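Structure first, commentary second.
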Amino acid sequence: QVQLIESGGGLVQAGGSLRLSCTASGRALRNYVAGWFRQAPGKEREFVAAIAWSGDLTYYADSVKGRFDISRDYAKDTVYLQMNILKPQDTAVYYCAGVSQIRADDIGTARRYDYWGQGTPVTVSS
């Protein structure tokens with residue numbers, strides 16, 4: 001059984017940066033498609049970014065494109081989400097998700113992912 005663990009969330013002022021990390025227990029993460037989703041209070045879970053198992057393809061929601069970067073470190077078996085120029089509307093609990101294989105059209109669909117972390121909260125103050 002695969003369990004994902006996120007870390008790196010916290011409180012930051014608007015315009016600042018945070019880097020989230022995702023690691024896995026039970027099975028290596030390096031051969032999984034990995035995604036980041038977020039959920040703000042009272043709102044639906046929202047796709048943020050994803051990266052192919054090979055690391056050669058990345059995907060971003062329009063709301064974060066140009067500000068966030070998703071990457072892999074295969075040696076550390078870790079997936080990162082570098083968040084820059086943070087805005088108050090980025091405030092949410094951020095979740096890491098993994099799946100062995102997924103259609104490109106489903107990359108932003110949460111129900112297509114098999115494994116999830118517990119979430120790490122990010123709060124951006126104005």
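Throughout, numbering of the chain's residues begins at 1 and tracks the sequence. Given the structure is predicted, the values throughout are model-derived calculations rather than measurements.
Gln118 places a side-chain N or O within donor-acceptor distance of the main-chain N or O of Glu6, the cut-off being under 3.5 Å. With hydrogens and angles disregarded, a donor-acceptor distance shorter than 3.5 Å links the side chain of Tyr60 to the backbone of Ile70. Using a distance-only test at 3.5 Å, with no hydrogens or angles considered, no donor-acceptor pair links the side chain of Tyr95 to the main chain of Thr120. Using a distance-only test at 3.5 Å, with no hydrogens or angles considered, no donor-acceptor pair links the side chain of Tyr113 to the main chain of Gly108. With hydrogens and angles ignored, the 3.5 Å screen pairs a side-chain donor or acceptor of Thr91 with a backbone N or O of Val124.
Closest approach of Arg112 to Asp106, counting heavy atoms only: NE-OD2, 3.4 Å. In terms of heavy-atom proximity, Val12 sits nearest to Leu86 at CG1-CD1, 3.5 Å. Listed here is the closest heavy atom pair of Ala52 and Tyr74: O-OH, 4.3 Å. Nearest heavy atom pair, residue Leu81 against residue Ala49, reads CD1-CB, 4.1 Å. Of all the heavy atoms in Arg67 and Asp90, the pair that sits closest is NH1-OD2, 2.7 Å. When all heavy atoms are compared, the tightest approach of Ala14 to Pro88 is CB-CD, 4.1 Å.
A 4.5 Å side-chain heavy-atom check between Val122 and Met83 finds at least one atom pair inside the cut-off. Annotation: side chain of Ser21 is not in contact with side chain of Lys76 (no heavy-atom distance under 4.5 Å). Between Trp36 and Cys96, some side-chain heavy-atom pair lies under the 4.5 Å cut-off. Taking 4.5 Å as the limit, some side-chain heavy atom of Asn84 sits within range of a side-chain heavy atom of Asp69.
You'll find the ring centres of Tyr59 and Phe47 outside the 6.0 Å limit.
A distance of 5.0 Å separates OG in Ser25 from CD1 in Ile5, rounded to the nearest 0.5 Å.
With a 6.0 Å radius and a threshold of 12 heavy atoms from other residues, nucleotides or ligands, Trp53 has its CH2 atom at or below the threshold.
Between Tyr94 and Phe68, the ring-plane angle classifies as tilted under the 30° and 60° cut-offs.
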Checklist entry - salt bridge (charged side-chain N to carboxylate O under 4.0 Å, His left out) between Asp62 and Lys65: does it pass, once the steps are laid out? => result CA-CA 5 Å; Asp62 289 341; Lys65 193 173 298 181; 3.4 Å; yes

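In the hydrophobic clustering of ILVMFWY residues, with side-chain heavy atoms under 4.5 Å counting as a link, Ile102 and Tyr115 come out apart.
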